[in-house]
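Encoded as structure tokens, the structure appears first; notes follow it.
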Amino acid sequence: MISSLGYLRIESADVAAWREFGVRVLGMTEGRGPRGEGGPGGDLPPEERATYLRMDDFPARLVIVPGAQERLLASGWEVRDGAALAAVARALSEAGVPFKVGSGDELAARRVSELLVLDDPAGNTLELFCGAALEHRPAVSSYGNRFVTGSMGMGHVVLPVPPGSTAAFDFYTEVLGFRLRDSMRMPAELFGLPAGSPPIWFRFLGCNPRHHSLALAPMPSPQGIIHLMVEVATLDDVGRTLDRCTKRGAPVSASLGRHANDQMVSFYVRTPGGFDIEYGTDGLMVDDATWICRESTAVSLWGHSFADPAH
Ligand SMILES: [Fe+2]
């Protein structure tokens, strides 16, 4: 039912730092606000003072809304059309999951034609939408990098869930139709649970050929997000971005490496919001007709040394 990860809405007390980071480090393009103004402005409502970061013809893939906290407000998930969104609404109702229909102001702020807002069983806010109004001014990166988006969406997001509960996994797979692509297990003792408890599972879920668009990580996150992955077309795009992190003092939280499950060659950088962005290339695409779910027993084939070993 879900087509792809469409956007993230992030609250930040330092929108200017995010703008600089998004444009000068990540190589994204600054977009305009819903009224075409954008940028700072004291009396404007938060939507108009937000920073819009583009990767492609979406008006924004990252929306940084000014506020008091550093946190993920919502992950936006695109569905094909109004009929598909109506089917999602029916599935939510049948499963007893409460949701709100987006107001006119919410639709205008997001530049979408229909919107449902709900919390998953772990308390992560989701916005399910269709009918995004595209921006036809090309999103040309100053650094020449090209983001891999299209039908695979903006990348993947890793959301926190309580260790030992399968409620979120059941919701995403049984109600929203995500498909399990891969799992990783960790000993329960690492999560403060008594010795001998069943293992704790990380789940990697897909909704399009990207190996995973969503991962559920059984760990706490004050920001409500473990990391966002964005993909670029070439290894040179990744390497030049790594150089810009060094040049501009953006903290690299994991060295270059290749993940075992989605085979992404990537590094991780700490955002002004205190969580990581994984910046990668060469991610695995899968075909559900032939894909078989297995267990990965290593995070990476090589590299990915995390600065914080508790990561
Ligand atoms: Fe990732």
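Atoms considered below: every heavy atom in the structure, side chains included; atoms not considered: hydrogens, waters and symmetry mates. Order of listing sets the numbers, starting from 1, for every ligand and every atom in it.
- Checked against the Fe ion (ligand 1), the N, O or S atom of Glu278 at the shortest distance is OE1.
- Evaluation of the salt bridge (Lys or Arg N to Asp or Glu O under 4.0 Å) test over residues 158-182, restricted to residues two or more places apart or in two chains, returns Arg179-Asp288, Arg181-Asp288.
- Judged purely by atom type and a 3.5 angstrom limit, Arg24 has no side-chain atom pairing as donor or acceptor with the backbone of Glu20.
- Under the 30°/60° scheme for interplanar angles, the aromatic rings of His227 and Tyr268 are found to stand perpendicular.
- Residue side and main chain included, His156 places an N/O/S atom under 2.8 Å of the Fe ion (ligand 1).
- No other N/O/S atom of His227 lies as close to the Fe ion (ligand 1) as NE2 does.
- Panel note: side chain Ser266, backbone Tyr279; no donor-acceptor pair is recorded below 3.5 Å.
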